[in-house]
Amino acid sequence: MNAMEIKLLQRLAEIYPTIAAASTEIINLQSIMNLPKGTEHFITDIHGEYEAFSHVLRNGSGSVKKKIDDVFGHTLSYADKKSLATLIYYPREKMTIIKKKEEHIHDWYKITLYRLIEVCKCVASKYTRSKVRKALPEDFSYIIEELITEKAEILDKGAYYEAIISTIIDIGRAEEFIEALCTLIKRLVVDRLHILGDIYDRGPAPHSIMDRLVRYHSLDIQWGNHDIVWMGAAAGQMACIATVIRNSARYGNLDILEDGYGINMLPLATFAIETYKGDPCESFKIHGKNAYNYSENRVNVKMHKAIAVIQFKLEGQLIKRRPEFHMENRLLLDKVDYEKGTITLDGKNYELLDTNFPTIDPKDPYALTQEEAEIMDRLCAGFVNCKRLQSHMQFLLNKGNLYKVYNGNLMYHGCVPMNEDGSFKTVEVYGQKYSGRVLYDVLESYVRKGFFAIDPEERERGRDIMWFIWSSPDSPLFGKEKMATYERYFIKDPETHVEIKNPYYNLIDKEKVLDTILEGFGLYGEDSHIINGHMPVRLSKGESPMRCNGKLLIIDGGFCKAYQKQTGIAGYTLIYNSYGMTLVAHDPFSSTEEAIAREMDIHSDRIMVKKSDRRLLVGDTDNGAQMKERIQELEELLKAYRNGTIKEAE
C-alpha cells in the first residue's frame, strides 16, 4: 500500500473511526443497494403553463394512480380510486367539496385515513426509514411514522391504529393530517424529477413554475433555448433582454415581467405610444389568448413593435462586435431601402409589410436613438437588480446544465450539431474549435462565466455566448440555419420564413448515428437512451415519440397551447421506475377547477418503452455504482484496521 492510499484511508478513518463503524456502514450500503430503484419523472417544454405542469407534477404522470391500483386492486371501485387520486392531488380543494356533500364526515375521515395510510406504506416501502423520515411533514412526523411502520411487538395492531386515528379525528386535526399524508405520498412516489428545458416563454406563469421547482425535493434541469435567453437577460445581455420582452409582448404576457418580476415597463410603454402614434402595428398582433382589453391591446402592439426594432438593432451591434459568431447573414436592417419600403435578401427584392420606422437612421440603422438607449439602460437595471429573477436564475445555474448523463440516459434539449454524414459538427467558439460533448462543456463554462467571471472581458464573452446559444445555427439549443424573426414580421413571402434544420433532425432515425452520440457522451450498450426535448411530436401527422426501438425518446411536453393544434396532443412525459420505462401521452389541460370537479387526469395513454426482465435495484443506478466504490474503500479500511496499518480510535 503506497503513501497516497494510506492517506486516503486515514481521511476515511476520520469518518469511520472503528471497525464497528466501518462494518455498520458497509451493511447499510449493501441493504440500500438491494432496495428497488426510485422513480424518475421526465418533463420538458413547459413554456409557462403552470396549472398543467402542476397537475402533472401532482399526479406523477399517472404514478400516484398506479400506486392506488397496486394497493387496492379490485377491492375499490374505479370511482373510489379516482376520488382518492384527486384527493391526493388536491387535498384542500377536494375536502372543501366533500364536506358540502358528505353527511357522515367523521366516517369519511376514518375511511380516507385508512386508505391513505395503506398507500403511504406502499410508496414508503422502497426507501430506507432514514429517507422516509426526512420526507415526513414536520407537524405529523412521529404519528405518520408510527402508522406506516410495522410493529411486531404490538399484538392487537387494529386497536392500536384505531386509537391513533380516532384521536386525530376527535381533536379536529383530520383534515390537516389528510393533507400531510397526501403531501408525503406525492413526495415519495417520484424520487427524482428531470426538467429537459424551456420553462420560460409563451405561457403566463414561468415564475410560478420556478417557485415550485425551487421547493422540489430532488431534480435537475437541462437548459432549453428559452431558458438560456432569460439567463442572458438576467446577466444583463442587452439583446437577450430585448428578446425576452419581445417574446412576452408577442404572447400577451408582459405582466410576467411587471407583476411576476417587478420590472417596470412604463418607460417602454410611454415611448411606444408616442413613437408609434397612429401606427396600427398590424404585424405585431398578439399570438394566443390574453386577458387584455381593447386599450391594453393597442398599447401592447406598439410596445411589441418598439422592442422588436430595438432587438434587431442590438442584435446587429452584437453580430458586428462578435465576427467570430459568423452570423453576418443576419444583418438585415442595412439591406432595407427605406424610401421604397423594400428589402434585398439573396439578390431578391421583397416589399415590407410595415414601412414606418421613425427610430431607424438609414445611414446608421443599428444605432439606438438616445431615448431607446435610455430605456434599455433602465430595463437592464431592472433585470439585473430583480431579486426574484436573480434567485430563479441562480437556481437554474445550480441545478442546470446543457446536458446530463444519469442512470444510463443522456438528456438534452434541442439537438447535437452534426454534419450530413452523421459526424459531429465542428463549431468555433472564441477562436477555438470544438465538437460533440466538448462543445457542450465549453459553451456551458462560458454561460457560467457570464454570471461569475471576475475578468470583465470574460464575463462579457459569457453574456454574449448566451445570445449565441439562443440564435446561432451552430447552437445545440437552436440548430437551424437562421432564426427568421425579422422575416416573419416584415415579409409576406413564406419562403423567407423557412428555417432549415441541422442534419441532426433528419439523422435521428438512424441507429448508428444515435450510437455515435451516446458513445460521444460516454454511454454504451442496449440499456442507454437519448431523452430529447424541444421537438413537438405531431401525433396527428403520424409522428412517434420513439425512434430506433426506443433508443431515442422525444418527450416535448406539449404544455404550450400554441403547439396543440399542430400536435393533436398535449405531448408526452416519461416515467422510469424499477419495472422499466413508460411514455405517458397527455390530453390538453383545461383548468385546475375542472380537473378537481371531474376527477380528471390528463394522461390518456401509456406506452411501455422498455420492460426490465427483473426489478431494477438501487445497485443498478449511478448512486449504486458510487455505493459499490464506497464499500470497496471501506473494505480496504477494514483490512488496514485489522493488519495494523491504521489504528482504531479509542
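One is the number of the first residue; the rest follow in order along the sequence. The analysis underlying the following values was restricted to heavy atoms, covering all of them including side chains, and did not include hydrogens, waters or symmetry mates.
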Which heavy atom in [X] sits nearest to a heavy atom in [Y], and how many Å separate them?
{"X": "Gly60", "Y": "Ile575", "result": "O-CD1, 3.4 Å"}
{"X": "Thr18", "Y": "Ala21", "result": "OG1-N, 3.0 Å"}
{"X": "Cys120", "Y": "Ile185", "result": "SG-CG1, 3.6 Å"}
{"X": "Tyr434", "Y": "Val438", "result": "CD2-CG1, 3.6 Å"}
{"X": "Leu583", "Y": "Met546", "result": "CD1-CG, 3.5 Å"}
{"X": "Ile144", "Y": "Ala180", "result": "CD1-CB, 4.4 Å"}

From CA spacing to verdict: side chain to side chain donor-acceptor pair (under 3.5 Å), Asn577, Glu40: CA-CA 6 Å; Asn577 58 25; Glu40 298 172 56; over 6 Å; no

Between the side chain of [X] and the main-chain N/O of [Y], is any donor-acceptor distance below 3.5 Å?
{"X": "Gln222", "Y": "Gly197", "result": "no"}
{"X": "Asp620", "Y": "Leu616", "result": "no"}
{"X": "Asn225", "Y": "Phe478", "result": "no"}
{"X": "Thr44", "Y": "Gly533", "result": "no"}
{"X": "Tyr430", "Y": "Glu324", "result": "no"}
{"X": "Asp455", "Y": "Glu458", "result": "yes"}
{"X": "Ser528", "Y": "Tyr524", "result": "yes"}

Asp527/Lys610 under salt bridge (Lys or Arg N to Asp or Glu O under 4.0 Å): CA gap, chis, key distance, verdict: CA-CA 9 Å; Asp527 292 330; Lys610 186 170 186 177; 2.4 Å; yes

Could you tell me whether [X] and [Y] make a salt bridge, using a distance below 4.0 angstrom between a side-chain N and a carboxylate O?
{"X": "Asp70", "Y": "Lys66", "answer": "yes"}
{"X": "Asp515", "Y": "Lys510", "answer": "no"}
{"X": "Glu635", "Y": "Lys639", "answer": "no"}
{"X": "Lys37", "Y": "Asp191", "answer": "no"}
{"X": "Lys399", "Y": "Asp220", "answer": "no"}

Nearest 0.5 Å, please: how far is [atom2] in [Y] from [atom1] in [X]?
{"X": "His392", "Y": "Leu389", "atom1": "NE2", "atom2": "CG", "answer": "8.0 Å"}
{"X": "Asp474", "Y": "Leu439", "atom1": "CG", "atom2": "CG", "answer": "8.0 Å"}
{"X": "Arg437", "Y": "Leu410", "atom1": "CZ", "atom2": "CG", "answer": "8.5 Å"}
{"X": "His194", "Y": "Asn407", "atom1": "NE2", "atom2": "CG", "answer": "7.0 Å"}
{"X": "Ile43", "Y": "Phe53", "atom1": "CD1", "atom2": "CZ", "answer": "5.0 Å"}
{"X": "Tyr50", "Y": "Leu57", "atom1": "OH", "atom2": "CG", "answer": "8.5 Å"}

Stepwise side chain to side chain contact (heavy atoms under 4.5 Å, CB included) check, Ile178 with Cys182: CA-CA 6 Å; Ile178 287 170; Cys182 293; 4.1 Å; yes

Just by distance, with hydrogens left out, do [X] and [Y] show a side-chain donor and acceptor under 3.5 Å apart?
{"X": "Asn643", "Y": "Thr645", "value": "yes"}
{"X": "His534", "Y": "Asp556", "value": "no"}
{"X": "Asp464", "Y": "Gln237", "value": "yes"}
{"X": "Arg212", "Y": "Ser208", "value": "no"}
{"X": "Tyr504", "Y": "Asn532", "value": "yes"}
{"X": "His41", "Y": "Ser63", "value": "no"}

Hey, do the aromatic rings of [X] and [Y] have their centres closer than 6.0 Å?
{"X": "Trp470", "Y": "His226", "answer": "yes"}
{"X": "Tyr89", "Y": "His55", "answer": "yes"}
{"X": "Tyr403", "Y": "Phe521", "answer": "yes"}
{"X": "Tyr161", "Y": "Tyr114", "answer": "no"}

Could you tell me whether the side chain of [Y] reaches within less than 4.5 Å of the side chain of [X], counting heavy atoms only?
{"X": "Tyr572", "Y": "Ile607", "value": "yes"}
{"X": "Thr128", "Y": "Asn28", "value": "no"}
{"X": "Leu617", "Y": "Met33", "value": "no"}
{"X": "Gln432", "Y": "Glu428", "value": "no"}
{"X": "Phe177", "Y": "Ile143", "value": "yes"}
{"X": "Leu193", "Y": "Phe42", "value": "no"}
{"X": "Leu638", "Y": "Ser23", "value": "yes"}
{"X": "Leu219", "Y": "Leu213", "value": "yes"}

Verdict with reasoning, Tyr142 to Leu147, per side chain to side chain contact (heavy atoms under 4.5 Å, CB included): CA-CA 9 Å; Tyr142 175 78; Leu147 289 169; over 6 Å; no

Residues, nucleotides or ligands: over 12 heavy atoms within 6.0 Å of [X] [atom1]:
{"X": "Asp421", "atom1": "CG", "answer": "yes"}
{"X": "Ile454", "atom1": "CD1", "answer": "no"}
{"X": "Phe72", "atom1": "CZ", "answer": "yes"}

Trace of the side chain to side chain donor-acceptor pair (under 3.5 Å) decision for Arg58 with Ser54: CA-CA 6 Å; Arg58 289 168 187 266; Ser54 177; 3.1 Å; yes

Side chain to side chain contact (heavy atoms under 4.5 Å, CB included) between Val405 and Asn409, intermediate numbers included: CA-CA 6 Å; Val405 176; Asn409 297 313; over 6 Å; no

Cationic tip of Arg192 above Tyr406 ring, under 6.0 Å, 45° of axis: yes

Side chain to side chain contact (heavy atoms under 4.5 Å, CB included) assessment of Asn623 paired with Gln626: CA-CA 5 Å; Asn623 284 340; Gln626 293 173 7; 4.0 Å; yes

Positive for salt bridge (Lys or Arg N to Asp or Glu O under 4.0 Å) with Glu145, one of Lys134, Arg133, Arg129: Arg133

